[in-house]
Protein chains: 2
Amino acid sequence: MATDKEGARGRRRHRGNNRVTIEDVAKEAGAAPITVSRALNTPEKVSARLRERIDRAVEALGYVPNLIAGGLASAGTRVIPVVVPSLSILTFIEVIHGIQQTLEAAGYQVLLGSTDFDLDREAALIDSVLGYSPSGVILTGLRHRERAAHRLKAWGRPVVEIMELGEPCIDMNVGIDNAGAGACMAQHLLDRGYRRIAFLGTGMGMARDYRARERYEGHREVLEAAGVESGLLFQHDEPSSYELGRQLFLEALEARPDLEAMHFANDNLAAGAILEANRRGIRVPQDIAIGGYLGLSLGEHLTPRLTTVTVPRFGMGVEAARLLLTRLEGRSLASSRVDIGYELSVREST
Amino acid sequence: MATDKEGARGRRRHRGNNRVTIEDVAKEAGAAPITVSRALNTPEKVSARLRERIDRAVEALGYVPNLIAGGLASAGTRVIPVVVPSLSILTFIEVIHGIQQTLEAAGYQVLLGSTDFDLDREAALIDSVLGYSPSGVILTGLRHRERAAHRLKAWGRPVVEIMELGEPCIDMNVGIDNAGAGACMAQHLLDRGYRRIAFLGTGMGMARDYRARERYEGHREVLEAAGVESGLLFQHDEPSSYELGRQLFLEALEARPDLEAMHFANDNLAAGAILEANRRGIRVPQDIAIGGYLGLSLGEHLTPRLTTVTVPRFGMGVEAARLLLTRLEGRSLASSRVDIGYELSVREST
DNA sequence: CTGTTAGCGCTTTCAT
DNA sequence: ATGAAAGCGCTAACAG
């Protein structure tokens with residue numbers, strides 16, 4: 001079959017990538033390229049007979065569409081950039097996992113970007129990924145550089161902001177109420193009868209994890225309303241880790257030996273604290289109660305098991321992807337803002 | 001300045017995406033598009049004066065290159081697909097993190113794909129991502145469908161296979177010697193004087209995590225050579241978790257109360273076991289010794305601290321990305337196979 | 001060092 | 001239901 005009808009490779013100004021193109025398929029099937037395109041993208045617009053011939057040709061030649069060319073000619077590239085602050089934080093990983101699984105099942109690919117909590121890097125990254133003509137974008141948080149937000153708005157394609165909830169958002173928003181989650185744990189600690197309660201966190205400056213700061217604010221308001229000392233705060237600025245939880249635990253214990261309960265900004269820190277308590281024979285919750293935030297599975301395997309505010313991280317990713325897909329498929333949206341919620345998981349550490 | 005010299009929007013057959021194009025910049029700077037392209041990609045080939053005018057125009061118009069068009073016209077898209085079995089396994093996440101950080105710093109984006117340990121899905125995914133004209137590809141493992149391996153070889157761009165080490169590889173290979181790692185821990189347990197030693201793992205069938213199986217093989221050989229019972233194996237088929245570690249621990253203990261040491265396929269399982277031992281007051285290592293594999297930071301915070309074989313997961317990602325970049329930048333490679341190594345971290349659990 | 005021209009592979013518009 | 005022609009935005013090749 002492979003007689004050289006048109007000379008070896010025809011004209012080859014650019015380095016012919018020797019990949020099978022839609023034109024090869026068209027020739028093989030005896031149809032026009034556009035018809036092949038239709039058979040692949042909108043099969044219902046091509047007669048059954050032709051479609052079958054085309055399918056066979058595709059199979060025979062092992063044709064794989066060049067999505068770059070498609071993306072250039074039409075609109076999106078079926079790529080969804082997901083921009084998160086960090087890949088070393090398990091939370092984001094789990095959200096990404098939910099996003100990725102949902103999008104990949106729908107034939108979209110996830111492009112990964114991380115900003116290291118730097119809004120300027122985020123803006124640059126957004127510029128850069130928009131260069132891929134993505135079908136949509138998923139971002140972390142509601143705070144962005146003016147330029148980035150503006151560009152995304154002008155862009156006109158679906159954008160989902162995840163992790164937190166609030167106004168205004170660029171387009172769509174899936175997240176949880178951080179202040180509420182902080183308040184929820186604080187209230188639980190009060191309900192348990194604890195009065196000397198500290199909040200322990202890290203990276204809570206404006207520039208970094210301001211969501212942890214919001215949880216702290218929620219915590220404070222509840223304590224204030226209850227008329228107990230509300231300013232007990234211990235914080236560092238490195239990334240969360242078991243080690244840091246250990247350190248915060250020891251520091252707080254030393255600074256305030258009268259402390260009754262510790263409210264950690266996340267389960268990694270809280271777990272580090274419980275593990276250190278185990279090691280030193282400090283009894284939890286009798287000597288000191290410990291609460292967390294996230295709902296990591298590790299918490300259920302500690303002794304005592306960790307009381308925490310469980311957040312459906314994977315589910316948040318799935319939901320964000322769903323919103324995006326709904327819009328991409330042109331279906332209408334019940335609401336462009338989804339509160340994914342949280343749940344207080346009371347266990348033995350408080 | 002913005003008089004409509006050529007009619008509102010000129011001809012607009014396709015829906016003009018109204019984005020600023022290289023042509024707009026060229027006009028603004030009074031140069032040809034190709035010159036703008038050169039000023040951006042190979043500045044040294046453009047005179048300083050023109051370059052400056054162009055830079056100013058770029059700035060003024062807020063031009064962001066359309067990488068899709070660039071990718072179509074030239075070669076790669078500065079996208080590197082990274083294909084891993086799962087995003088719920090921390091190991092892969094850490095490797096991806098290393099890759100992502102290194103590549104992003106060099107101006108490449110990571111496209112994420114996961115196969116759920118299914119080689120057919122992997123092959124389909126490879127087909128699909130090749131449609132993005134990526135600059136290179138990073139894959140997990142050395143075992144692939146013939147079709148996929150063949151396509152990647154024919155493709156001719158850099159491909160790195162990570163996690164394990166061996167022959168043959170498609171192009172480049174960065175990983176560790178799994179059998180060696182398994183043997184290393186087994187030898188350590190023997191050296192410590194343990195004789196009744198079990199291996200506990202999960203998903204070790206051919207189709208799934210065969211790297212764990214290789215570690216088991218290494219373990220067995222060492223025990224066999226030492227003349228002790230070498231077939232003690234407990235395994236499940238679900239994903240690793242603390243919970244599964246707990247279950248394996250209890251099962252093994254019940255089935256063989258005379259067991260002296262447990263060699264877990266990874267630290268997640270081993271940690272689950274130690275946490276359960278803590279809960280039940282079983283003493284480690286006096287009642288039962290426990291060894292792991294990976295070097296998760298959690299291991300150092302347990303009581304007793306976990307003896308494990310530490311693998312530089314982040315470093316493996318960095319190294320894989322470096323190999324890729326070296327090739328992309330046309331520099332020559334010292335070796336296309338890098339053994340990233342492992343280290344026995346002896347702590348108190350054995 | 002700068003520009004002209006053609007074309008990457010696909011899909012849009014417009015016609016039949 | 002099918003096709004012809006044009007062009008998405010950029011860069012490789014080939015001049016000057």
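At least one side-chain heavy atom of A:W155 sits under 4.5 Å from a side-chain heavy atom of A:V137. Using a 4.5 Å heavy-atom cutoff, the side chains of B:L139 and B:I170 are in contact.
Without hydrogens or angle criteria, B:D171 side chain to B:K153 main chain gives no donor-acceptor distance under 3.5 Å.
Remark: B:N66 is not in phosphate contact with D:dC8, judged by side-chain N or O atoms under 4.0 Å from OP1 or OP2. The phosphate of C:dT2 has neither OP1 nor OP2 within less than 4.0 Å of any side-chain N or O from B:T35. In terms of phosphate contacts, B:Y63 brings a side-chain nitrogen or oxygen within less than 4.0 Å of OP1 or OP2 of D:dC10. Applying the 4.0 Å criterion to OP1 and OP2 of C:dC1, one finds that B:S47 has every side-chain N and O outside that range.
Rounded to whole angstrom, the span from the CD1 atom of B:I22 across to the P atom of D:dC8 amounts to 14 Å. Taking atom CZ of B:R49 as the reference point, atom C1' of C:dT2 lies 13 Å away to the nearest angstrom. The distance between atom CG of A:L50 and atom P of D:dT2, rounded to the nearest whole Å, is 5 Å. Across the protein-nucleic acid pair, A:I68 atom CD1 and D:dC10 atom C1' stand 12 Å apart, rounded to whole Å. Whole-Å rounding puts the B:N41 CG to D:dA12 C1' distance at 12 Å. Rounded to whole angstrom, the span from the CD1 atom of A:I34 across to the P atom of C:dT12 amounts to 7 Å. The CD-C1' distance, from A:E23 to C:dC8, rounds to 12 Å in whole Å. To the nearest angstrom, P of C:dC1 lies 13 Å from CD1 of B:I54.
Under the 4.0 Å criterion applied to side-chain N and carboxylate O atoms, B:R322 and B:E319 are assigned as salt-bridge partners.
Sorted by first and then second residue, the salt bridge (charged side-chain N to carboxylate O under 4.0 Å, His left out) pairs involving residues 59-70 of chain B (not counting sequence neighbours) form an empty list.
Set against C:dC10, D:dG9, D:dG3, the side chain of A:A32 has D:dG3 as its closest nucleotide. Proximity note for A:S74 (side chain, C-beta onward) versus D:dA12, C:dT12, C:dG9: the nearest is C:dT12. Listed nucleotides C:dT11, D:dT11, C:dC8 differ in distance to A:S37; the shortest reach to its side chain belongs to C:dT11.
Residue-level contact check: A:E44 touches neither bases nor backbone, having no heavy atom under 4.0 Å from any strand.
When each of B:A69 and B:R38 is assigned the nucleotide of DNA chain D with its nearest heavy atom, B:A69 is the one assigned upstream, toward the 5' end.
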